[in-house]
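Only one structure is covered here, and it is reproduced in the block below.
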Amino acid sequence: MVSEAFIRGLPKAEIHLHIEGTLEPEMMFEFAARNGVDLPFDSVADVRAAYEFDDLQSFLDIYYRGADVLQTEQDFYDLMWAYLERANQDGVRRAEIFFDPQTHTQRDIGFPVFMDGFLRAIADAEAEWGISAALILCFLRHLSGEAAVATWEQAADYHDAVVAVGLDSSEVGNPPELFAEAYALARAAGARSVAHAGEEGLPEYITGALDALGAERIDHGVTCEDDHALVERLVEEGIPLTICPLSNLKLGVFERLQDHNLKRLLNRGVKVTINSDDPSYFGGYIGDNYVAVAEALTLDQWDLVRLARNSIEATFLGPAVKERLITELETYVASLDQ
Ligand code: ADE
Ligand code: ZN
């Protein structure tokens, strides 16, 4: 077994992380108190006890209610700052971070409130720890394609402040094709594109995300294994999968971590990465995900270095910065091999 310290210290990127999913119960209480929001829980322990999910929808129902406590620019700042501080401790050098604007605009919280909070925290964290971060604007797929277009238009002042657009929320019954117009607009404005697909949904959702949305990475994508031709395509086109093992476990996508297909996909040449999704809800940050999978699937040092390298290659950083991070990774590994 590779040591936990080695795994946590690996220079890596996190590219599947919902900032609203980093709201720890302690923070939930703090924000609720300062904003005068009533919570349906008496204690932090009560909140944690409620985090037992049967599937994606049962999680989302609780998750969207939790986000109600986020109200002021300072709340969004504090949330982002706390995540980046934690990620830095896990060797994260680059984070590409999802946010759900519609969860906030629906509550009459405007783009400047959350965007200015996020961007200020990102700038401060970069100055403090040298960690690099970028934002991915996600459309909620339980809402309509027209609502996604309207959201992109509402975000006009911040188009240059997001690196990509994404698609999240309830997958089954909400296929990617419904969001083609919003993606076309965003891509025409220079945004890169990613989409959740194949978390619970059929492999067709992955193909749809690639073809209708021009997705450059697939978030989750674990159901691709049911379609051999699709797996070949992912390998040939070098499409990264942003896999979130503890999330898959908590939401019942795999019954046991030992059953996870991450290692099989890695061995078949798919550009697999490890990420935390919604760490405060799923019981672990990125380092915990790496450590849990290393143990459950008996990954060796080279698998783990491959996963860290994939994560850097899968970012939207330019080639020179990627190269610098890969050199940092190689230097780290070489120094420990001595
Ligand atoms: N939003 C936050 N976490 C998500 C997940 N795992 N799948 C879809 N939407 C999400
Ligand atoms: Zn996700």
Side-chain angles (χ1 to χ4, degrees), residues 15-18 56 60 96 98-102 134-153 155 159 162-244 247-248 253 261-262 264-266 268-273 275 277 310-311 313-317:
I15 55 177
H16 185 155
L17 179 282
H18 301 263
L56 176 59
L60 290 171
E96 295 181 356
F98 298 131
F99 67 105
D100 286 335
Q102 289 156 295
L135 294 170
I136 301 177
L137 184 159
C138 277
F139 301 118
L140 293 178
R141 69 199 305 163
H142 67 269
L143 302 178
S144 67
E146 293 74 39
V149 169
T151 299
W152 180 251
E153 285 167 353
H159 285 175
V162 301
V163 72
V165 287
L167 183 65
D168 63 4
S169 194
S170 322
E171 182 182 14
V172 175
N174 299 309
E177 288 78 5
L178 299 173
F179 301 90
E181 189 186 347
Y183 271 68
L185 287 171
R187 291 171 66 206
R192 311 291 294 265
S193 60
V194 302
H196 281 57
E199 178 181 13
E200 290 182 338
L202 293 170
E204 282 85 333
Y205 282 69
I206 300 174
T207 306
L210 297 173
D211 293 340
L213 307 182
E216 299 171 74
R217 301 195 295 244
I218 295 294
D219 297 313
H220 294 293
V222 291
T223 67
C224 70
E225 224 185 4
D226 300 334
D227 178 341
H228 291 288
L230 175 59
V231 174
E232 302 269 285
R233 177 179 179 189
L234 295 174
V235 173
E236 254 166 48
E237 296 182 14
I239 305 282
L241 297 189
T242 66
I243 292 183
C244 307
S247 161
N248 293 154
V253 175
N261 62 8
L262 179 147
R264 284 199 302 276
L265 292 171
L266 189 66
R268 285 178 72 175
V270 179
K271 204 183 258 277
V272 169
T273 65
N275 307 272
D277 207 6
N310 283 351
S311 74
E313 287 174 353
T315 65
F316 292 129
L317 289 166

Could you check whether any side-chain heavy atom of N275 comes within less than 4.5 Å of a side-chain heavy atom of L17, counting everything from C-beta outward? no

Partners of R141 by salt bridge (charged side-chain N to carboxylate O under 4.0 Å, His left out), sequence neighbours excluded? none

Without placing hydrogens or testing angles, list every side-chain donor-acceptor pair under 3.5 Å for residues 175-184, not counting sequence neighbours.
unit_1: Y183; atom_1: OH; unit_2: G166; atom_2: O; d: 3.3
unit_1: Y183; atom_1: OH; unit_2: L167; atom_2: N; d: 3.1
unit_1: Y183; atom_1: OH; unit_2: V194; atom_2: O; d: 2.7

What heavy-atom pair brings I206 and G221 nearest, and what distance separates the two atoms? CD1-O, 3.6 Å

How would you list all residue pairs meeting side chain to side chain donor-acceptor pair (under 3.5 Å) that involve residues 185-194, not counting sequence neighbours? R192-E216

Pairwise side-chain contact, L202 with T223, heavy-atom cut-off 4.5 Å (strictly under): no

Salt bridge (charged side-chain N to carboxylate O under 4.0 Å, His left out) against E96, all qualifying residues, sequence neighbours excluded: R94, R217

Exercise: identify the closest heavy-atom pair between L210 and A215: CD2-O, 3.5 Å

Working to the nearest 0.5 Å, report the span between OG1 of T207 and CG of D227. 6.0 Å

Sequence-distant partners of E200, salt bridge (charged side-chain N to carboxylate O under 4.0 Å, His left out), two or more places apart: none

Hits for side-chain hydrogen bond (donor to acceptor under 3.5 Å, both in side chains) against D100, two or more places apart or cross-chain, chain-then-number order -> none

Who are the side-chain hydrogen bond (donor to acceptor under 3.5 Å, both in side chains) partners of T151, not counting sequence neighbours? Q102

Mind checking what makes side-chain hydrogen bond (donor to acceptor under 3.5 Å, both in side chains) contact with E199, not counting sequence neighbours? H220

Taking every non-hydrogen atom, the tightest pair across A209 and A195: CB-CB, 4.0 Å

Shortest non-hydrogen pair, Y205 vs G173, comes out as OH-N, 3.0 Å

Just so I know, are the side chains of I136 and V165 near enough to count as touching, which here means a heavy-atom distance under 4.5 Å? no

Does the N310 side chain pair with the main chain of K271, one donor and one acceptor, at a distance under 3.5 Å? no

What distance separates S311 OG from I243 CD1, expressed to the nearest 0.5 Å? 13.0 Å

Sorted by chain and residue number, the ring-ring contact (aromatic ring centres under 6.0 Å, His included) partners of H228 (sequence neighbours excluded) come out as none

In the structure I gave you, are the side-chain heavy atoms of H159 and W152 within less than 4.5 Å of one another anywhere? yes

For residues I218 and C224, determine if any side-chain heavy atom of one lies less than 4.5 Å from a side-chain heavy atom of the other. no

Quick one: pull up NE2 in H16 and CG in D168 and give me the separation to the nearest 0.5 Å. 8.0 Å

Do the ring planes of F98 and H18 sit parallel (below 30°), tilted (30 to 60°) or perpendicular (above 60°)? tilted

N261: what forms a side-chain hydrogen bond (donor to acceptor under 3.5 Å, both in side chains) with it, not counting sequence neighbours? E225

Determine all donor-acceptor pairs shorter than 3.5 Å in which one atom belongs to a side chain in residues 229-236; sequence neighbours excluded.
unit_1: R233; atom_1: NE; unit_2: E237; atom_2: OE2; d: 3.1
unit_1: R233; atom_1: NH1; unit_2: D211; atom_2: OD1; d: 3.3
unit_1: R233; atom_1: NH2; unit_2: D211; atom_2: OD1; d: 2.8

Hey, are the side chains of L265 and L241 touching, using non-hydrogen atoms and a 4.5 Å cut-off? yes

Taking only residues two or more places apart in sequence, or in another chain, which ones meet S170 in a side chain to side chain contact (heavy atoms under 4.5 Å, CB included)? Q57, L60, H142, N174

Nearest non-hydrogen partners of A155 and L137, listed with the distance: CB-CD1, 3.8 Å

